[in-house]
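Taking it in order: structure first as structure tokens, then the write-up.
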Number of protein chains: 2
Amino acid sequence: MVDVARLAGVSLKTVSRVVNGEPHVQRAMADRVLAAVAELGFQRNHMASALRAGRASATIGLIIEELANPFYSTIAHVTAAMARDRDTLLLSASSEEDPVREEQLLRDLCSRRVDGLLVVPAGCDHSFLNAQVDMGIPVVFLDRPGTNIEADAVLLDNRGGARNGVRRLVADGHRRIGVLLDSVDVHTMRERLAGAQDALADAGIGYDGALVRGGVRDPATAAAAVADMLTQPNPPTAFLALNNRITVGAVQELWQRGSDAALVGFDDFELSHLMPRPLTVIGYDTRELARRAAQLLFARIDGDRSRPRTVVLPTELVERGLTAGSTRRGPAASGVRR
Amino acid sequence: MVDVARLAGVSLKTVSRVVNGEPHVQRAMADRVLAAVAELGFQRNHMASALRAGRASATIGLIIEELANPFYSTIAHVTAAMARDRDTLLLSASSEEDPVREEQLLRDLCSRRVDGLLVVPAGCDHSFLNAQVDMGIPVVFLDRPGTNIEADAVLLDNRGGARNGVRRLVADGHRRIGVLLDSVDVHTMRERLAGAQDALADAGIGYDGALVRGGVRDPATAAAAVADMLTQPNPPTAFLALNNRITVGAVQELWQRGSDAALVGFDDFELSHLMPRPLTVIGYDTRELARRAAQLLFARIDGDRSRPRTVVLPTELVERGLTAGSTRRGPAASGVRR
DNA sequence: CGACAGACGGACAACGTTGTCATAATCTCT
DNA sequence: AGAGATTATGACAACGTTGTCCGTCTGTCG
């Protein structure tokens with residue numbers, strides 16, 4: 001900026017005024033400044049500007065589990081788009097489900113003075129964020145609530161969704177329902193499992209530990225778990241897969257074996273209607289989840305000091321048949337999805 | 001930091017030393033400072049720090065078309081992970097294929113003094129980036145080359161891939177091959193179309209404009225295009241879909257109609273092996289694409305001043321049959337994919 | 001012609017850090 | 001014990017901006 005001022009033969013402040021479009025600069029002078037800017041390829045330093053003005057950085061931080069997962073990338077996309085409407089950029093990072101890494105990333109984001117944080121929490125203690133919130137960096141949790149912190153959260157009705165899924169299986173006559181989940185350390189998994197057990201209890205079906213399989217982290221282990229459970233004595237006649245990675249593995253394994261076990265999966269996914277065997281799914285609106293969270297965050301950034309809110313979004317049972325026999329195989333009613 | 005110094009009864013500089021882990025501070029004094037830091041909840045301001053030290057912002061910028069698309073989110077994921085190993089965060093934004101928006105975003109990123117830029121270009125002129133490169137912000141293009149700028153690029157062998165795909169169809173006896181593409185304004189589409197035409201020319205099959213359908217932007221229009229082409233006189237017996245969105249639409253339409261037209265799609269996608277009809281795919285390693293680009297960028301950031309390079313990564317024909325009759329339907333040989 | 005707005009330009013400090021240098025305190029060695 | 005080396009600490013300026021305030025110039029009106 002000093003160089004520009006020298007080249008244009010004006011003072012530093014005048015360059016600042018021109019660059020920021022402030023009034024009270026003569027046309028001729030402004031033109032000279034702009035010419036110098038162009039010649040030197042000057043570009044205002046956003047960091048210095050924000051620093052001096054005490055302004056925020058026009059950046060929001062997003063912590064998710066893994067950017068490559070469609071669920072999270074949809075969230076990133078929606079929030080980035082909404083941020084852009086406010087001339088704000090998105091600084092995103094994956095926690096990889098590691099609480100330590102999550103805390104490091106969050107601290108890093110705070111030290112960069114982001115305007116706000118959107119977090120899909122992996123950690124089990126977010127009390128360290130309280131100080132940040134007090135210092136004016138609002139936090140909104142997404143998909144799972146934060147722990148030891150009072151902050152906004154936008155969640156899904158995981159429990160109700162799982163309950164409806166199992167209710168559907170029970171209505172179809174199933175009594176032995178295998179449940180596949182990742183880890184009960186994850187809030188969503190606990191809720192979904194509880195929902196499944198609600199439905200079983202409602203139907204008067206007792207709990208059988210052999211029918212619940214945890215530690216299913218990816219499609220491959222899901223497939224293995226399905227295979228294993230089917231070869232036990234008194235195998236399940238139906239499965240509930242508690243996330244989309246698990247569902248994919250289960251679909252594949254059941255299809256390969258030609259098994260007619262019923263399947264309901266939590267989370268819809270893009271090509272679920274083209275799977276080679278029927279698949280009823282507990283779906284929800286991921287974009288709405290992200291939208292609501294971003295709205296909440298921006299309201300906080302804009303000064304909303306009301307009490308923290310928790311929003312719970314509904315799920316929907318997308319019925320596409322349960323087993324090869326339960327519906328005629330055919331194109332999905334909904335046609336091509338965007 | 002001034003407050004911390006006052007509370008600890010030491011000078012500003014000593015606090016700075018402690019906070020940055022510099023040597024030459026007595027243990028007792030360091031402890032006093034750390035106590036004050038904890039009490040006040042002090043957190044170093046990353047922007048001010050970078051500003052003073054003339055250091056970069058420990059941030060890289062990524063411009064892609066749309067974060068929600070699995071191809072791009074994989075790129076984002078890989079680059080974010082690699083950046084993290086260097087204590088660098090990723091500032092990502094979607095251009096939505098809009099050149100104006102792309103330029104705005106790039107300028108914004110530059111004004112934030114990112115350490116480097118990773119760009120999947122949508123625009124048709126990137127000459128304005130030359131100044132930035134000269135000023136020390138390296139740029140690496142991904143998937144498509146930049147225009148009017150000499151910069152590193154990591155590309156796919158689009159032409160060769162499409163040629164192999166069509167060659168395979170020709171070998172299977174097809175003479176009328178419908179080609180579905182988005183827009184020839186996009187570099188990758190032009191290359192893929194050229195590859196297809198190469199193969200046709202090699203086989204002595206003349207060009208028929210009726211068999212090339214552009215403007216196919218999403219699965220729905222792809223399905224419509226397939227439907228339309230199949231109802232024309234002398235319809236194609238095979239299709240080449242030039243990206244994954246188009247492939248999905250084509251799969252669905254062909255399956256719904258029970259058509260036995262062959263299909264080859266460019267871009268593999270996660271559940272392609274579970275599609276309800278055979279689908280041979282031109283695949284490649286998206287993660288490698290991102291990895292190479294990030295490596296190149298980091299090398300530049302670390303001072304590599306060698307001549308810009310263009311890396312072209314190979315594609316691979318993943319054969320899973322072409323039509324319902326051409327292979328026995330069954331589980332993919334590869335088993336469950338990660 | 002003088003006075004007074006009003007429009008404009010510039011000097012300076014400050015934002016929150018860190019690099020440089022100076023100084024004070026302690027140690028080492030003959 | 002004293003010279004020199006080493007260590008610990010602090011004062012100050014600077015990074016690239018912008019807000020504040022003051023000074024100057026132009027024009028207008030009585």
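Keep in mind it's a predicted model, so treat the numbers as computed, not measured. These values consider heavy atoms only, across backbone and side chains, with no hydrogens, waters or symmetry-generated copies. Numbered from 1 within each chain, the chains take letters A, B, ... in sequence-line order.
- Side-chain to base pairing of B/R17 with C/dG19: no donor and acceptor N or O lie closer than 3.5 Å to each other.
- Here A/T14 lies in heavy-atom contact (under 4.0 Å) with sugar-phosphate atoms only.
- Evaluation of atom-type donor-acceptor distances gives no pair under 3.5 Å for the side chain of A/R44 against the base of D/dG16.
- Remark: P of C/dC27 and CD of B/Q26 are 10 Å apart, rounded to the nearest angstrom.
- B/L51 places its CG atom 12 Å from the P atom of C/dG16, with the value rounded to the nearest Å.
- With rounding to whole Å, B/R55 atom CZ is found 12 Å from C/dT17 atom P.
- At the phosphate of D/dT17, neither OP1 nor OP2 sits under 4.0 Å from any side-chain N or O atom of A/S49.
- Using a 4.0 Å heavy-atom distance criterion, A/V25 is classed as a sugar-phosphate-only contact.
- Closest to the side chain of B/V10, from the set D/dT17, D/dG10, C/dT18, is D/dG10.
- Here the side chain of B/R52 is nearest to one of D/dG10, D/dA13, D/dG16, namely D/dA13.
- Taking CG of B/L62 as the reference point, atom CG of B/L91 lies at 9.5 Å (rounded to 0.5 Å).
- A residue-by-residue look at B/G9 and B/G54 shows that B/G9 has its nearest nucleotide of DNA chain D further toward the 5' end.
- Close to D/dC15, at under 4.0 Å from its OP1 or OP2, lies no side-chain N or O of A/N45.
- Counting any heavy atom pair closer than 4.0 Å across all strands shown, B/V19 reaches no nucleic acid atom.
- In the model, B/T59 has no side-chain atom that pairs as donor or acceptor with a side-chain atom of B/R112 under 3.5 Å.
- Here the P atom of nucleotide C/dA14 and the CG atom of A/L12 are 16 Å apart, to the nearest Å.
- A/D3 has its CG atom 11 Å from the C1' atom of D/dG16, to the nearest Å.
- Atom CE in B/M1 sits roughly 14 Å away from atom C1' in C/dC15 (whole-Å rounding).
- Between C/dT18, D/dT9, C/dG10, one nucleotide has an atom nearer to the side chain of B/H24 than all others, and that is D/dT9.
- Across C/dG16, C/dG9, D/dA11, the shortest atom-to-atom separation from the side chain of B/K13 is found for D/dA11.
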Applying side chain to side chain donor-acceptor pair (under 3.5 Å), run through B/R55 and B/S49 and close with a yes or a no.
CA-CA 8 Å; B/R55 246 182 302 134; B/S49 169; 2.9 Å; yes

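- Residue B/S16 has a polar side-chain atom (N or O) positioned under 4.0 Å from OP1 or OP2 of C/dT18.
- Atom CZ in A/R6 sits roughly 20 Å away from atom P in C/dG9 (whole-Å rounding).
- B/R292 contributes no side-chain N or O that, together with a main-chain N or O of B/R287, makes up a donor-acceptor pair within less than 3.5 Å.
- Side-chain atoms of B/T88 and B/R84, non-hydrogen and from C-beta on, never get closer than 4.5 Å to each other.
- In terms of polar N and O atoms assigned as donor or acceptor, the side chain of B/R113 never comes within less than 3.5 Å of the base of D/dG16 in a complementary pairing.
- A donor-acceptor contact closer than 3.5 angstrom links the side chains of B/E102 and B/H126.
- At the heavy-atom level, B/M47 lies nowhere under 4.0 Å from the strands shown.
- One can place CG of A/N20 at 17 Å from P of D/dG16, the figure rounded to the nearest angstrom.
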